[in-house]
Amino acid sequence: MPLALLALAVGAFGIGTTEFVMMGLLPDVADDLNISIPSAGHLVSAYALGVVIGAPLLAAVTARMSRRTVLIGLMALFVAGNALSAFAPDYHWLLAARFLSGLPHGAFFGVGAVVATGLAAPERKARAVSLMFLGLTVANIAGVPVATLMGQSLGWRSTFLGVSVIGIAAIVSLALLVPRDGTHAPSAGLRGELAALKSLPVWLALGTTVAGFGALFAAYSYITPMLTDSAGYADSSVTLLLALFGVGATAGNLLGGRLADRSMRGTLFGGLISLAAVLALFPALMGTAWSAPLGVVLLGTAAFVTSSPLLLMVMEKASSAPSLASSANQAAFNLANAGGAWIGGLALAAGFGVTSPALAGAALAVLGLAVAGAAYVVDRRREPQAGRERLVAGHVPERSETVHF
């Protein structure tokens with residue numbers, strides 16, 4: 001695997017750290033800026049909104065630029081957003097800075113996935129994507145806990161300064177390791193990029209992402225009360241247990257990359273079935289202190305097995321606009337974050353119990369499996385039509401004489 005993937009992983013590590021660290025710093029930010037916890041929670045939403053808006057917009061606007069230049073520019077925007085967060089004088093400035101920090105998130109992963117698959121051998125494309133996402137999953141193991149402790153010890157502003165330093169390291173890595181050749185995008189232009197998203201298979205793939213990862217976030221958004229109220233852990237133990245989720249996500253990401261190179265659709269179906277099974281068993285797993293850590297690891301593993309095949313499937317269906325399609329997949333991932341948390345909250349509000357969001361997630365995983373099945377049916381029906389179109393577009397083969405004995 002080329003060293004350029006290391007540069008992409010460093011950028012992904014910084015992005016993953018800044019995305020999730022705010023959740024652990026909300027009380028500190030609220031106290032320092034004299035705002036309520038719910039108001040501080042809007043800082044998480046502002047980042048997610050930046051991802052959803054910036055992912056397709058920046059990917060489309062930069063469609064004709066060198067992908068290496070785009071990656072460096074996106075990381076520069078990321079550094080600027082985090083530096084402004086560190087020096088924000090009040091809540092509204094911080095809200096705007098968090099939105100700015102989220103803008104390059106989806107486009108970086110989208111363009112980075114195209115560069116990663118372009119640098120790897122055809123039979124290793126999924127593995128290349130999984131190595132880029134390794135930075136994101138490792139951020140949940142090391143980056144977020146360390147950044148949270150830094151913010152609690154030195155002040156929350158130091159956390160965003162630290163993330164800015166990671167972003168600068170990513171810029172240097174991208175400039176040194178990503179080759180100048182082979183990273184230029186095709187000149188389809190904005191209209192050509194947008195036209196590629198009109199395909200039904202593309203939207204079915206994006207729908208699978210929303211439902212599949214919505215299943216994850218329906219449960220994971222409420223994992224803390226499950227661990228404390230159901231499994232009986234103390235609040236001080238939750239951070240370590242959440243690091244186990246990062247361990248599972250890292251293992252699932254690497255496993256999914258390997259398996260998807262052999263069978264992309266088989267890995268997707270297997271991952272969604274596993275996720276539905278884990279979520280269905282989650283109330284039982286959260287019932288005892290010894291099985292709860294196993295449940296956390298299994299949840300991360302089952303969910304992230306699907307990350308590489310989902311992204312490659314979207315890129316395959318929109319082959320004329322892979323950067324925009326893979327960036328749109330990141331926007332779908334963040335919609336899944338918000339939608340899954342909302343659906344899990346509905347289960348809690350209905351009084352079904354502290355582990356009920358996991359069962360709501362299991363239903364979403366089954367829905368994702370159904371959408372993936374519909375995509376498979378559509379593809380099977382389109383294959384004969386595509387074959388006929390290629391035959392008509394090409395030369396009619398000459399009839400050959402057959403000699404019978």
Side-chain angles (χ1 to χ4, degrees), residues 13-52 77-105 136 139-168 217 220-229 231-246 296 334 337-338 340-342 344-345 348-349 354 357:
F13 179 82
I15 289 174
T17 300
T18 202
E19 179 181 17
F20 295 108
V21 75
M22 180 57 77
M23 299 171 187
L25 295 178
L26 286 184
D28 303 270
V29 174
D31 289 342
D32 186 54
L33 299 180
N34 295 315
I35 58 176
S36 66
I37 292 291
S39 295
H42 293 160
L43 297 169
V44 178
S45 302
Y47 184 92
L49 182 62
V51 177
V52 172
L77 182 60
F78 171 81
V79 170
N82 282 279
L84 289 172
S85 297
F87 295 106
D90 56 37
Y91 169 69
H92 294 98
W93 277 99
L94 182 57
L95 199 67
R98 287 295 291 170
F99 175 80
L100 180 65
S101 300
L103 284 176
H105 176 131
L136 180 66
N140 284 281
I141 303 173
V144 174
V146 171
T148 301
L149 290 175
M150 180 188 297
Q152 292 170 345
S153 303
L154 304 176
W156 63 269
R157 296 178 187 274
S158 66
T159 295
F160 294 107
L161 285 176
V163 172
S164 298
V165 173
I166 297 174
I168 293 172
F217 287 112
Y220 187 67
S221 300
Y222 305 97
I223 192 70
T224 297
M226 291 186 203
L227 290 170
T228 55
D229 297 350
Y233 280 95
D235 292 339
S236 57
S237 303
V238 170
T239 301
L240 178 60
L241 290 167
L242 293 184
L244 292 178
F245 174 83
V296 173
N334 278 268
N337 190 339
W342 176 68
L348 276 179
V354 70

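When all heavy atoms are compared, the tightest approach of Ser221 to Ala341 is OG-CB, 3.4 Å. In this structure, Ala147 and Val21 approach most closely via the heavy-atom pair CB-CG2, 3.6 Å. Closest approach of Gln152 and Leu25 over heavy atoms only: N-CD2, 4.3 Å.
Put simply, the side chain of Ser101 reaches to within 4.5 Å of the side chain of Ser85, judged on heavy atoms. Using a 4.5 Å heavy-atom threshold, the side chains of Leu84 and Phe160 count as separate. Annotation: side chain of Tyr222 is not in contact with side chain of Val354 (no heavy-atom distance under 4.5 Å).
Taking CG of Leu100 as the reference point, atom OH of Tyr47 lies at 10.5 Å (rounded to 0.5 Å). Note: Thr148 OG1 to Met22 CE = 10.5 Å, rounded to the nearest 0.5 Å. With rounding to the nearest 0.5 Å, the separation of CG in Leu227 from CG in Leu244 is 9.5 Å. Interatomic distance, Asn82 CG to Thr18 OG1, rounded to the nearest 0.5 Å: 3.5 Å. If you take CG on Leu94 and CD1 on Ile35, they are separated by 7.5 Å, rounding to the nearest 0.5 Å.
Looking at residues two or more places apart in sequence or on another chain, you find a salt bridge (Lys or Arg N to Asp or Glu O under 4.0 Å) between Asp32 and Arg157.
Aromatic rings from His42 and Tyr91 are positioned such that their centres are separated by 6.0 Å or more.
No donor-acceptor pair closer than 3.5 Å links the side chain of Asn334 to the backbone N or O of Asn337. Not one N or O on the side chain of Thr17 forms a donor-acceptor pair closer than 3.5 Å with the backbone of Ala139.
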Show your working on side chain to side chain contact (heavy atoms under 4.5 Å, CB included) between Glu19 and Val144 and close with a plain yes or no.
CA-CA 9 Å; Glu19 179 181 17; Val144 174; over 6 Å; no

Assess the residue pair Leu242 and Val296 against the criterion (side chain to side chain contact (heavy atoms under 4.5 Å, CB included)); give the C-alpha distance rounded to whole Å, side-chain angles, the decisive distance to 0.1 Å, and a yes or no.
CA-CA 7 Å; Leu242 293 184; Val296 173; 5.5 Å; no

Decide yes or no on side chain to side chain contact (heavy atoms under 4.5 Å, CB included) for Leu240 and Tyr233, but give the supporting numbers first.
CA-CA 11 Å; Leu240 178 60; Tyr233 280 95; over 6 Å; no

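When each of Ile166, Ile168, Val163 is tested with Phe78 by the rule side chain to side chain contact (heavy atoms under 4.5 Å, CB included), just one qualifies, namely Val163.
Using a 30° and 60° split on the angle between ring planes, Tyr220 and Phe245 fall in the parallel class, below 30°.
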